[in-house]
Novice: 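Please find one structure pasted underneath; my questions will follow.
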Amino acid sequence: MNNTQGKHYNITTFGCQMNSADSERMAGILEKMGFQYEEDPNKADLILYNTCTIRDKAEQKVYSYLGRQAKRKQEKPDLTLIVAGCVAQQEGENLLRRIPELDLVMGPQHANRLEDLLEGVFNGDRVVATEPIHIVEDITRARRESEVTAWVNVIYGCNERCTYCVVPSVRGIEQSRTPEAIAAEIKDLGEKGYKEITLLGQNIDAYGRDLPGSTASGRHKHTLTDLLYYIHDIPGIERIRFATSHPRYFVERLIVACKELPKVCEHFHIPFQSGDNDILKAMSRGYTHQKYRSIMEKIRKYMPDASISADAIVGFPGETEAQFENTLQLVEDIGFDQLNTAAYSPRPGTPAAIWENQVSEEVKSDRLQRLNHLVAVKAAERTQRYLGRVEEILVEDQNPKDPNQVMGRTRGNRLTFFTGDIQDLKGKIVKVKITQVRAFSLTGERVF
Ligand code: SAH
Ligand code: SF4
Ligand code: F3S
């Protein structure tokens, strides 16, 4: 095995929370092997890009970063270059052909195998790891970005077939971790002083349906709701979040659990993608806008103040102006706290990419602008409710723009700044009176 002593690594992460979580585990593996973290990629001996291919722009970004490091390798031949994540899975061998300087291409299911794969690389091979595998339980310790909040994967992969989406083809089929393995990880986090966990899954409502004891029909034994009850009392952890919810599978029982369980925060991330039933059908989402609205009503019945975020796509193939206006109408009616918006981007291997009724780039970007404008207006309206209120803030870090301030989040997940000393406050939940509101963040004063 190559001597890793004194060697430095750098990881750049693109994409979603799954990639962030995978990067933290891969960093843990590299450190266990003897590598040290180096902030400046240009000084590192090993560079790993953990990539995203959800939209074309995300994919192209990777190539420009890679190009620069490939050049550096010509002067520093012992540089190890790795592409991990979703572009790696999508492109596989092609990447090795396209970039001769590349040493390792590894799909997301192989993240926990980084050490084994590097062994091949240090023996002089160029390695591709993209075959579907059963994800091995993580026995290494993740090197986590935060000392306060942590990601906890509960289900990998996705069995849905939304017609625009690459995720199922790059992340593979659903694989749930056992409740015991999840609880053990959370227990360890609690003992280390972490205060907040976010349970992760691309379609977290599918949690458990592949575990033994589940049946194809009827309620399975281990649902997300059961999992919340099962892990709730783990000592040390004070806040529990989860994402992403799918409207097709979202159940009232889950809302009731959120209301009953004090550590579960009143925030739901439930993407709707479109407010038009024909577009939803073409997307194969499996629900109508009426169903989505009824979920919102139920949440607000139990928790009138719950914050709600979502994702939406504009310019899906065939989307007419009137259909787009149905999306505007939904946003107008619901009043989201936050909405991630995107123009539809055709992705390789997905059904919608080859449909002939593509919407022009001009129309897509016009619709995106109009939607974003409405989102900003509605978020600014909705944020007003915080003014003058006292909120519980879990302090995560110093405000990078003002060392006299600290920052943290409300239970509803809104970023909040206030004057305070990070040494004293990190990881604490404190009461803060909100004195200033902006569309997506707040400022306040500590109250005692
Ligand atoms: N599992 C989540 C979403 C994962 S991808 C869900 O089911 O909602 C994150 C977001 O990227 C999606 O919600 C969608 O809004 C957006 N997205 C996915 N594929 C896209 C594409 N081809 N073009 C534009 N946006 C896309
Ligand atoms: Fe993609 Fe749909 Fe799965 Fe979400 S549920 S990851 S949008 S296929
Ligand atoms: Fe991107 Fe892969 Fe996540 S494509 S959004 S990093 S699952």
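One-based numbering, in listed order, for ligands and for the atoms of each. Numbers here are sequence positions counted from 1. Bear in mind that the values here come from a model prediction, so they are computed numbers and not experimental data.
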Novice: Run down the list S345, C162, A58 and name the one with the heavy atom closest to atom 23 (N) of ligand 1.
Specialist: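 Among S345, C162, A58, the closest heavy atom to atom 23 (N) of ligand 1 comes from S345.
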Novice: Give the C-alpha distance, both sets of side-chain angles, the deciding distance and a yes or no for side-chain hydrogen bond (donor to acceptor under 3.5 Å, both in side chains) between N159 and R209.
Specialist: CA-CA 11 Å; N159 288 7; R209 62 184 179 189; 6.0 Å; no
Novice: Check step by step if side-chain hydrogen bond (donor to acceptor under 3.5 Å, both in side chains) holds for S169 and R347.
Specialist: CA-CA 11 Å; S169 74; R347 306 310 294 132; over 6 Å; no
Novice: Could you tell me whether a side-chain N or O of T12 sits under 3.5 Å from a main-chain N or O of Y49, the two making a donor and an acceptor?
Specialist: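 No, T12 side chain to Y49 backbone: no donor-acceptor pair under 3.5 Å.
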Novice: Can you find a non-hydrogen atom of I54 under 4.0 Å from ligand 1?
Specialist: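 Contact check I54 vs ligand 1: positive.
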Novice: What I want to find out is whether D205 reaches R248 closely enough, with some N-O distance under 4.0 Å, to be called a salt bridge.
Specialist: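 Looking at D205 and R248, the cut-off is not met.
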Novice: Determine whether the side chain, the backbone, both or neither of P168 has a heavy atom under 4.0 Å from any heavy atom of ligand 2.
Specialist: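 The part of P168 near ligand 2 is the side chain, not the backbone.
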Novice: Does the pair R385/D337 count as a salt bridge with the N-to-O cut at 4.0 Å?
Specialist: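 Yes, R385 and D337 are salt-bridged.
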Novice: Could you tell me whether E115 and K32 make a salt bridge, using a distance below 4.0 angstrom between a side-chain N and a carboxylate O?
Specialist: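 Looking at E115 and K32, the cut-off is met.
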Novice: Does NZ or CZ of R98 lie under 6.0 Å from the centre of the six-membered ring of Y63, at an angle within 45° of the ring axis?
Specialist: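 Yes.
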Novice: Out of R55, R347, Q202, whose heavy atom is nearest to atom 7 (S) of ligand 3?
Specialist: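 Minimum heavy-atom distance to atom 7 (S) of ligand 3 goes to Q202.
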Novice: Hydrogens and angles aside, do T341 and N372 bring a side-chain donor and acceptor to less than 3.5 Å of each other?
Specialist: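 Note: T341 and N372 side chains meet the donor-acceptor criterion.
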Novice: If you measure only the distance, is there a donor-acceptor pair under 3.5 Å linking the side chains of S176 and D210?
Specialist: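 Yes.
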Novice: Give the residue and atom name of whichever protein heavy atom lies nearest to atom 1 (Fe) of ligand 2, and the separation in Å to one decimal.
Specialist: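 Looking at atom 1 (Fe) of ligand 2, the protein heavy atom closest to it is C165 SG, 2.3 Å.
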Novice: What atoms of ligand 1 come within less than 4.0 Å of a heavy atom belonging to D311?
Specialist: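 Taking each heavy atom of D311 in turn, ligand 1 has 9 (C), 10 (C), 12 (C), 13 (O), 15 (O) under 4.0 Å.
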Novice: Under 3.5 Å, N or O to N or O, is Y344 touching ligand 1 that way?
Specialist: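 Looking only at distances, the answer is no, because the N/O contact criterion of under 3.5 Å is not met.
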Novice: One thing to verify: whether E31 and R141 come together as a salt bridge, which I'm taking to mean a side-chain N less than 4.0 angstrom from a carboxylate O.
Specialist: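 So R141 does not pair with E31 through a salt bridge.
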Novice: Which of the numbered atoms in ligand 1 are under 4.0 angstrom from any heavy atom belonging to R347?
Specialist: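 Answer for ligand 1: 22 (N).
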Novice: Please determine if R438 forms a cation-pi arrangement with F440, meaning its NZ or CZ atom is less than 6.0 Å from the six-membered ring centre and no more than 45° off the ring axis.
Specialist: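 No.
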Novice: Applying a 4.0 Å heavy-atom criterion (strictly less than), which segment of R285 is in contact with ligand 2: side chain, backbone, both, or neither?
Specialist: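 Contact part for R285 vs ligand 2: side chain (C-beta onward).
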Novice: Counting only protein atoms, how many N/O/S atoms are less than 2.8 Å away from atom 1 (Fe) of ligand 3?
Specialist: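 N, O or S atoms of the protein closer than 2.8 Å: 1.
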Novice: For atom 2 (Fe) of ligand 2, what's the nearest protein heavy-atom neighbour? Residue, atom name and distance, please.
Specialist: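 Looking only at protein heavy atoms, the one closest to atom 2 (Fe) of ligand 2 is C162 SG, 2.3 Å.
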Novice: Which atoms of ligand 1 are found less than 4.0 Å from any heavy atom of I313?
Specialist: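 Listed by number with element: 14 (C), 15 (O), 17 (N), 25 (N), 26 (C).
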Novice: Are any of the side-chain nitrogens in E185 or R144 under 4.0 Å away from the carboxylate oxygens of its partner?
Specialist: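 Between R144 and E185 there is a salt bridge, with a charged N closer than 4.0 Å to a carboxylate O.
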Novice: At under 4.0 Å between heavy atoms, which part of Q202 makes contact with ligand 1: side chain, backbone, both or neither?
Specialist: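 It is both parts that get close, each with some atom under 4.0 Å.
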Novice: How does A343 reach ligand 1, by side chain, by backbone, by both or by neither, if only non-hydrogen atoms under 4.0 Å count?
Specialist: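 Backbone only.
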Novice: Are any of the side-chain nitrogens in R25 or D22 under 4.0 Å away from the carboxylate oxygens of its partner?
Specialist: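 A salt bridge is present here (some side-chain N lies under 4.0 Å from a carboxylate O).
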Novice: Under a 4.0 angstrom heavy-atom cut-off, which atoms of ligand 1 come close to A342?
Specialist: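 Selected atoms, number and element: 25 (N).
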Novice: Counting both backbone and side chain atoms, is some N or O of T244 under 3.5 Å from an N or O of ligand 1?
Specialist: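 In this structure, T244 places no N or O atom under 3.5 Å from an N or O of ligand 1.
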Novice: Does E319 come within less than 4.0 Å of R367, counting only side-chain N to carboxylate O?
Specialist: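 Yes, E319 and R367 are salt-bridged.
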Novice: Against heavy atoms of Q273, which atoms of ligand 1 measure under 4.0 Å?
Specialist: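 What qualifies from ligand 1 is 8 (O), 12 (C), 13 (O), 14 (C), 15 (O).
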Novice: Considering only the protein, which heavy-atom contact is closest to atom 3 (Fe) of ligand 2, and what is its distance?
Specialist: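 Atom 3 (Fe) of ligand 2 sits closest to the protein heavy atom C158 SG, 2.3 Å.
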Novice: Suppose we measure from atom 19 (N) of ligand 1 to each protein heavy atom; which comes out shortest, and what is that distance?
Specialist: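 That would be Y164 CD1, 3.3 Å.
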Novice: Strictly by modelled atom types, are Q290 and R293 linked by a side-chain donor-acceptor pair under 3.5 Å?
Specialist: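 Per modelled atom types, Q290 and R293 side chains form no pair under 3.5 Å.
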Novice: Taking atom types as modelled, is there a side-chain donor on N153 or R177 under 3.5 Å from an acceptor on the other?
Specialist: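 The criterion, which ignores hydrogens and geometry beyond distance, is not satisfied for R177 and N153.
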Novice: Please state whether the rings of Y287 and H246 are parallel, tilted or perpendicular, taking 30° and 60° as the class boundaries.
Specialist: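 Ring orientation of Y287 relative to H246: perpendicular.
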Novice: Surrounding CD of E147 (heavy atoms of other residues, nucleotides or ligands, distance under 6.0 Å), is the total greater than 12?
Specialist: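 At most 12 heavy atoms, drawn from other residues, nucleotides or ligands, come within 6.0 Å of this atom.
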Novice: Which protein non-hydrogen atom lies closest to atom 7 (S) of ligand 2, naming both residue and atom, and how far is it?
Specialist: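 Minimum-distance protein heavy atom for atom 7 (S) of ligand 2 reads Y164 OH, 3.3 Å.
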Novice: Please state which protein non-hydrogen atom is closest to atom 16 (C) of ligand 1 and give its distance, to 0.1 Å?
Specialist: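 The answer is R55 NH1, 3.7 Å.
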Novice: Side chain or backbone of E160 under 4.0 Å from ligand 1, or both, or neither, by non-hydrogen atoms?
Specialist: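 Neither part.
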Novice: Please could you name the atoms of ligand 2 that H246 approaches to less than 4.0 Å, counting only its heavy atoms?
Specialist: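 Checking each atom against H246, I get 5 (S).
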Novice: For ligand 2, is any non-hydrogen atom under 4.0 Å from Q273's backbone (N, CA, C, O), its side chain (CB onward), both, or neither?
Specialist: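 No part of Q273 is near ligand 2 at this cut-off.
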Novice: Which residue supplies the protein heavy atom nearest to atom 7 (O) of ligand 1, what is that atom called, and how far is it?
Specialist: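 Closest protein heavy atom to atom 7 (O) of ligand 1: R285 NH1, 3.2 Å.
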